[in-house]
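Input: a single structure, listed below in structure tokens.
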Amino acid sequence: MTYKTKGNRRVQVTKKLISDALLKLLETKNIEKITITELCETAHVNRSTFYHHYTSQYDVLTEIEDEKVEDIKAMLDKMDPKRSFTIREQIEAILNYLKENKSAFLLFMNSKYILKDFSEKLFDVTMEKNFAKECAPKELSDEQKELWNNFYQGGFYYLTYSWLSGNFSASPSDVADLICNLLRATCK
């Protein structure tokens, strides 16, 4: 078993230390201002150890982001397979997860670096495939459908961001209802 093997406990612990350190630093700095030296000092790992796993702080952030998106996918996969869940129920489950992990998601959403990538990943998990099939007008060309998806991606992302970062009392259920009502209004 090599040092880089995913199942290696030491590798997992080291990556967790680095990930946690980056999230901590992101609370006070933009990612482009975080140096590898600072990240290694915060994580209590050597630079050579860092470079054994990553090439930059952006790689760490992308890995954290991918893990969160995979968590959402896994959560959706665990929903009772014997029951057909509505899109609304799936959105509510995702919103509950985002709320439970609010601080991490707000760090992602506030980062200029990952805005586009993260919103695309989040949208892919939540809506794109289902809503594109159910709501996109059939007469649209492929290019128009892409633009239609971009419109909904941006709307979902910024609505979710506003909800998480604001002082709104709306529950995940209320926000899921709002999203579905907005979609229905434009899917007529």
Side-chain angles (χ1 to χ4, degrees), residues 6 12-13 15-31 58-136 148-188:
K6 187 176 182 178
Q12 291 173 346
V13 169
K15 286 186 162 200
K16 175 96 172 99
L17 289 170
I18 294 169
S19 296
D20 289 349
L22 182 62
L23 290 173
K24 181 180 179 182
L25 291 168
L26 282 170
E27 291 175 2
T28 58
K29 288 182 153 187
N30 288 331
I31 190 154
Y58 299 98
D59 288 346
V60 181
L61 188 59
T62 299
E63 184 172 278
I64 296 168
E65 175 187 300
D66 289 345
E67 287 172 4
K68 292 293 183 193
V69 170
E70 286 303 315
D71 287 348
I72 292 171
K73 286 180 185 176
M75 177 200 53
L76 291 174
D77 288 344
K78 286 180 183 176
M79 293 176 96
D80 186 354
K82 295 177 187 167
R83 184 170 171 264
S84 177
F85 286 89
T86 65
I87 292 169
R88 191 228 164 270
E89 290 171 314
Q90 292 174 30
I91 290 172
E92 183 177 353
I94 290 163
L95 292 170
N96 276 310
Y97 181 82
L98 293 175
K99 187 175 180 182
E100 290 166 12
N101 296 276
K102 179 179 175 176
S103 59
F105 282 103
L106 283 175
L107 288 173
F108 299 150
M109 292 173 155
N110 283 324
S111 173
K112 292 178 198 169
Y113 166 71
I114 59 170
L115 177 63
K116 186 175 185 328
D117 290 343
F118 182 66
S119 71
E120 285 176 0
K121 290 174 188 177
L122 189 58
F123 189 73
D124 283 347
V125 170
T126 55
M127 292 194 282
E128 185 174 0
K129 293 170 183 61
N130 291 328
F131 284 129
K133 289 177 187 170
E134 291 183 25
C135 296
W148 188 92
N149 279 333
N150 290 342
F151 174 78
Y152 278 103
Q153 175 185 345
F156 177 80
Y157 184 81
Y158 284 106
L159 184 146
T160 304
Y161 174 75
S162 296
W163 172 64
L164 286 176
S165 63
N167 293 320
F168 300 105
S169 61
S171 69
S173 179
D174 293 338
V175 177
D177 287 340
L178 175 61
I179 290 169
C180 288
N181 287 335
L182 289 169
L183 287 167
R184 274 197 256 353
T186 59
C187 293
K188 293 178 180 180

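The model shown is predicted, which means the values in this text are computed figures rather than measured ones.
A donor-acceptor pair under 3.5 Å is absent between the side-chain atoms of R88 and the main chain of I179, judged by distance alone. Counting only distance, with no hydrogens or angles, the side chain of D66 and the backbone of E63 share no donor-acceptor pair below 3.5 Å.
To the nearest 0.5 Å, atoms CG (D177) and CD (E92) are separated by 7.5 Å. With values rounded to the nearest 0.5 angstrom, L17 atom CG is found 12.5 Å from K15 atom NZ. Note that CD1 of I64 and CG of L23 are 4.0 Å apart. Values are rounded to the nearest 0.5 Å. Between atom OG1 of residue T62 and atom CD of residue E67 there is a gap of 11.0 Å, rounded to the nearest 0.5 Å. Taking CD from Q12 and OG from S19, the interatomic distance works out to 11.5 Å, rounded to the nearest 0.5 Å.
Between Y161 and Y158, the ring planes are perpendicular. Angles over 60° get that label, and only those under 30° would be called parallel.
The shortest heavy-atom contact between A170 and V175 is CB-CG2, 3.9 Å.
Side-chain atoms of D71 and N101, non-hydrogen and from C-beta on, never get closer than 4.5 Å to each other. By the 4.5 Å heavy-atom criterion applied to side chains, L61 and L26 are counted as neighbours. Put simply, the side chain of L95 reaches to within 4.5 Å of the side chain of W163, judged on heavy atoms.
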Point to revise | Working for side-chain contact (heavy atoms from CB on, under 4.5 Å), residues I72 and M75 | key: CA-CA 5 Å; I72 292 171; M75 177 200 53; 4.2 Å; yes
Exercise for review: Let me see the working for E70 and K73 under salt bridge (charged side-chain N to carboxylate O under 4.0 Å, His left out), right down to the final yes or no.
Suggested key: CA-CA 5 Å; E70 286 303 315; K73 286 180 185 176; 3.4 Å; yes
Practice item. I would like to know whether K16 and D20 meet salt bridge (charged side-chain N to carboxylate O under 4.0 Å, His left out); could you show each step before the answer? Key: CA-CA 6 Å; K16 175 96 172 99; D20 289 349; 3.0 Å; yes
